[in-house]
Structures are given as C-alpha cells and as structure tokens.
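In what follows, chains are A, B, ... by sequence order, proteins preceding strands, each numbered from 1.
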Protein chains: 2
Amino acid sequence: MDYEKELENFLDKDLQPITNGTKNKILHVAIDHFSQRGYRGVSIRQITRDVGIKESSLYKHFQNKDEILDTIFANFEVEVVKILPSSEQIEVVATSMDIRDFLERGLQNFVNHIENVSMRKIWRIIYNELFSDQRARTIYFETIINLTIERVGAIFEQMMRLGKLPRQDARMLSAEYHYPVFSLIMEYNFLKLEGKSTKDTEKRLQDHIDFFIKAVTN
Amino acid sequence: MDYEKELENFLDKDLQPITNGTKNKILHVAIDHFSQRGYRGVSIRQITRDVGIKESSLYKHFQNKDEILDTIFANFEVEVVKILPSSEQIEVVATSMDIRDFLERGLQNFVNHIENVSMRKIWRIIYNELFSDQRARTIYFETIINLTIERVGAIFEQMMRLGKLPRQDARMLSAEYHYPVFSLIMEYNFLKLEGKSTKDTEKRLQDHIDFFIKAVTN
DNA sequence: GTCTATATGTCGATAGAC
DNA sequence: GTCTATCGACATATAGAC
C-alpha cells in the first residue's frame, strides 16, 4: 500500500512532453531540492552537481533558474486539475452517488494524487513560495481552493435539485466542507515532510466528513 | 477604525525589554523586510541600509542574522498566547457567555491582534518559513493550532457540562470550528499582503460561525 | 550538449581605528 | 557603538573550445 509512485516524464512550460533525459533529470533534482530548502535556498551548482553535469550545461535546457520553477508549476497545474470533477461530470456524479460516497471518493482521488512523491514535493514548493511567488499564490488560491470549492459546489447544487441534500447556499456549503480539508492537507504534508505518522490527520479527515454529513443532512 | 497600531518596543530573545533605540529599529526593519521577501531573501546590507548604520554595527546588537529571527519569533509567541483564553478563564467564560458570544468575542480578539501591523508582518514570516524553519513550524502547529484547539475545546466541554451545548467530542468540535478559521486567516493575511479587500473573507468568517452554531446546536 | 574558464556581483562576518 | 576596509565563499550567467 505504501507503494510510492513518481512522475517519470515532465512537460515543458508550453506543456509539450520532454523526451530529453537530462532535462527530465534536472526537473526531478530541482523539485527535490526546492521542496526541501525553497527556491532561493537552492543553487544551480547544487542542482547540476546532483544531475551530474556542469552549471553551464544546464543553460542549454533552461534559459535561467526561474524557467525551471515555471516548468515545475506548469506540470503541477496540469496534474492538480485532474483530481477535480469536470463540468461534464456534474450531472452523472450528482445522480449516481450519495453525498458520503461522493466525498469519500473525492478524498481517495486526492490521496492517490498525493501518493505520488513528485506531486507531494511540488505541493511543498507551492506552500513554500506562497509569499514570494505570484504564480504559486495563483495556483493555490485560484486553482486549488476556489476552483475546487466552485466545482464541488455545483455538484452540491445538483444534489439539492435531486433532493439528496436540503436546499441551502451550495457554494457556502462547499467552502465549509473544504476549508478544514485544506488545513488538514497542509498538516498532512508537513507530517510527511518530517517523516511522522499521518494516521491522526487521516482520522481527522474522516471525522470531518462524518461531522459535515451530519451537519448538512439534519 | 482602520487605525493601525505598531509594536513600539520589543523584547530580546530572553524576553527582557529592549531599551536601545537602534536595536528596536533593526527589529522593525527586519520584520518589514523578512515579511516581504523571506528570511533568506533579505541581506544584512539591506537591513542596515534602512536602519541607517553600517553592517558591522549590527553585530554589536545581534550575534548573527539568525539571532534577529530568533528575537522576532520570541516576541511573536508572547503576543499570540495573549489572545488565547487562559486555563483560569475556562470556568468564568463558559458560565457567563453563550456559544455565539464566545466565538464572536474570540474572533474580535484576533482581529484586534492582527490589526497591529507588526504582528501581521510576523504572521507572514511564520507562514513563509514554515517549511524551512523548525521554530516557525513549532509556533504554528503547536502554539497556534493545537493550543488554540485545546483551550477552546476545554471551554466547549465546560459548556456541555452546563447544558449550553449538546454532549459530543469537545476537542473534535473545537477542531471543526478552528480549521476553517485558520484557513480563512491565512487567506486574510494574503489579501492584506496584496492590498486587496478582506470583506469577503470577513463575511465568510461570519458565515462559518453561523454554520457552526447551527450544526452544533440542533 | 558537454566541458573549462571566467565575468560580475552579493553574501555573512570580522579586524581594528576612533 | 559607530565607522572603513576587507576576507572568503558562493551566486547567476556567459564565452568559446570540442
């Protein structure tokens, strides 16, 4: 179960697949270092040393240090959007699942996503750069938080129409569900960072689902 | 109402008041810079330039760069503990207030705290250094999150004994209340950083209190 | 696309005069 | 407790040979 996946090949910042092995390796090494010491705390020297090339060679693959981070963020955004329900799925999901199945399925999707070591590292980079990098802020607040709340809110709304949920402000309800989830995910990421057990956090996530369903359905 | 306070004088890392004007000014300038570009992103040169002294003079006040951050964190911890209900207050608070008054009073305490510009900047430093500084992690997760949940949980428990709340897991309830609050506070801090309006966030905080009270009392 | 060599700048910290 | 002057390390990035 603790089988940990890794992204093998990345996309470049224009979302074209990277076939060059060295370029892929640069990204792997950079992700590893950035996630541990932050973008500013990592030098081109350290990256190229671990890749096994000289500093000047790196500039054949990336124009500058910032383009490496750009590429990492582009890959992250592609992956993170995959775990959200798409607009086309609203109808079928709201019809075929009850509220508990839906929430637990969503959580499981996320757990699968975060079991990918590369993804978990990029999550840390995002947190790390929130205050110093506008791109990280945009991904976190607009893509992760707001888009998630909005998409799930649309499903809640459809469930209300189908009588599966009492009528109320669907977006607000989605926010109430997700804010604790985002906090706990952050906690989860930090515990993983320190190699500690995440069992408590996983239990709290489960408790939260229970609390939420109880609060929402009576 | 938008009168913004500032901490005038700091404590040194052993919590003794700092009377030296230059040393206080170094801390003010350092807080300002660290909060904008992170600890690593700020040089001693930049700090001393804005203080109006030479680099070598700074070392008469602090042994090294890290001791500046140490001092900032020590001051923050002192201030942040002040907004939590103390163990002695549990009894009287649980007796004299109902759940809504208590939550709104707590929120108001926090808003007062964060209206202090210095404090808000140090909040940003804490967020910024969460992944790279163990001290920041400890303050955030142990002092801010866990201690808050625990103290408020104790008050919830006492309210349950007094019949002001239905009996249930008090600590879990406190966590359910606080996780959205922490998320929204983080959002609030980022909006302030970008000079944007925090009205939506304040409304969501209010909505959350309403949702929580409704969920808890029926 | 890799290398050697180097340009140019910034960093934290110290020595020692006043 | 302020200053001038400086050290040694490390940063990003480029030129040009192969």
Side-chain angles (χ1 to χ4, degrees), chain A residues 9-14 16-73 125 128-129 132-133 135, chain B residues 9-14 16-73 125 128-129 132-133 135:
Chain A
N9 289 293
F10 295 96
L11 310 176
D12 65 22
K13 60 169 183 166
D14 302 316
Q16 299 305 308
I18 297 172
T19 52
N20 181 297
T22 304
K23 189 164 182 177
N24 271 304
K25 192 168 180 188
I26 290 169
L27 288 167
H28 267 109
V29 172
I31 288 169
D32 194 53
H33 283 58
F34 290 162
S35 72
Q36 290 183 54
R37 295 187 306 287
Y39 177 73
R40 278 196 163 104
V42 177
S43 66
I44 300 286
R45 276 206 228 308
Q46 294 169 311
I47 294 172
T48 53
R49 190 196 56 214
D50 286 8
V51 172
I53 57 172
K54 293 293 169 184
E55 295 156 62
S56 53
S57 303
L58 183 140
Y59 291 91
K60 301 288 177 182
H61 300 285
F62 297 94
Q63 284 203 341
N64 51 43
K65 190 184 174 188
D66 198 60
E67 196 181 278
I68 302 175
L69 193 56
D70 238 350
T71 309
I72 292 169
F73 284 158
I125 298 174
N128 228 330
E129 307 304 325
S132 48
D133 195 300
R135 294 164 297 184
Chain B
N9 289 293
F10 295 96
L11 311 176
D12 66 22
K13 60 170 183 166
D14 302 318
Q16 300 303 308
I18 297 172
T19 52
N20 182 297
T22 304
K23 189 164 182 177
N24 272 304
K25 191 169 181 188
I26 290 170
L27 288 168
H28 268 108
V29 171
I31 288 169
D32 194 53
H33 283 58
F34 290 161
S35 72
Q36 290 183 54
R37 295 187 306 286
Y39 177 72
R40 278 196 163 103
V42 177
S43 66
I44 300 285
R45 283 209 218 310
Q46 294 170 312
I47 294 172
T48 53
R49 191 196 54 214
D50 286 8
V51 171
I53 57 172
K54 293 293 169 185
E55 296 155 62
S56 53
S57 302
L58 182 139
Y59 291 92
K60 300 289 177 183
H61 299 285
F62 297 94
Q63 285 204 341
N64 51 42
K65 190 184 174 188
D66 198 61
E67 196 182 279
I68 301 176
L69 192 56
D70 239 350
T71 309
I72 292 170
F73 284 158
I125 298 173
N128 228 329
E129 307 304 326
S132 49
D133 195 301
R135 294 164 298 186

Can you check the B:Gln63 CD to C:dG12 P distance for me, whole Å?
-> 16 Å

Tell me: CZ of B:Phe62 to C1' of C:dT14, nearest whole Å?
-> 18 Å

Report the nucleotide, chosen from D:dT12, C:dA13, D:dG1, that has the shortest atom-to-atom distance to any side-chain atom of B:Lys65.
-> C:dA13

Sorted by number, the residues of residues 16-33 of chain A with heavy-atom contact under 4.0 Å to DNA chain C = A:Asn20, A:Thr22

If you measure from OG on A:Ser132 to CG on B:Asn128, what distance do you get to the nearest 0.5 Å?
-> 5.5 Å

Give each protein N/O atom lying under 3.5 Å from an N/O atom of nucleotides 16-18 of chain C, with the pair distance.
none

So do B:His61 and B:Thr22 actually touch side chain to side chain, heavy atoms under 4.5 Å?
-> yes

What nucleotide, of D:dG1, D:dC3, C:dG1, holds the atom closest to the side chain of A:His61?
-> C:dG1

Residue pairs meeting salt bridge (Lys or Arg N to Asp or Glu O under 4.0 Å), one or both in residues 37-58 of chain A, sequence neighbours left out, come to A:Arg45-A:Glu55

Expected list for residues 42-55 of chain B near DNA chain C, using heavy atoms below 4.0 Å, is B:Val42, B:Ser43, B:Ile44, B:Arg45, B:Glu55

Below 4.5 Å, heavy atoms only, C-beta onward: do B:Ile68 and B:Phe34 meet side chain to side chain?
-> yes

Yes or no on side-chain contact (heavy atoms from CB on, under 4.5 Å) for B:Phe10 and B:Ile26, after CA distance, side-chain angles and deciding distance?
-> CA-CA 10 Å; B:Phe10 295 96; B:Ile26 290 170; over 6 Å; no

What pairs with B:Tyr59 under ring-ring contact (aromatic ring centres under 6.0 Å, His included), at least two apart in sequence or on another chain?
-> none

Atom CG of A:Leu58 and atom C1' of D:dA11: how far apart are they, to the nearest Å?
-> 14 Å

Salt bridge (Lys or Arg N to Asp or Glu O under 4.0 Å) contacts touching residues 56-67 of chain B (sequence neighbours left out) | B:Lys13-B:Glu67, B:Asp66-B:Arg135

Least distance between heavy atoms, B:Asn24 atom then B:Ile18 atom = ND2-O, 2.9 Å

Test: B:Lys23 cationic atom under 6.0 Å from B:Phe62 six-membered ring centre, within 45° of axis | yes

How many Å lie between OH on A:Tyr59 and P on C:dT4, as a whole number?
-> 16 Å

Hey, are the side chains of A:His33 and A:Val29 touching, using non-hydrogen atoms and a 4.5 Å cut-off?
-> yes

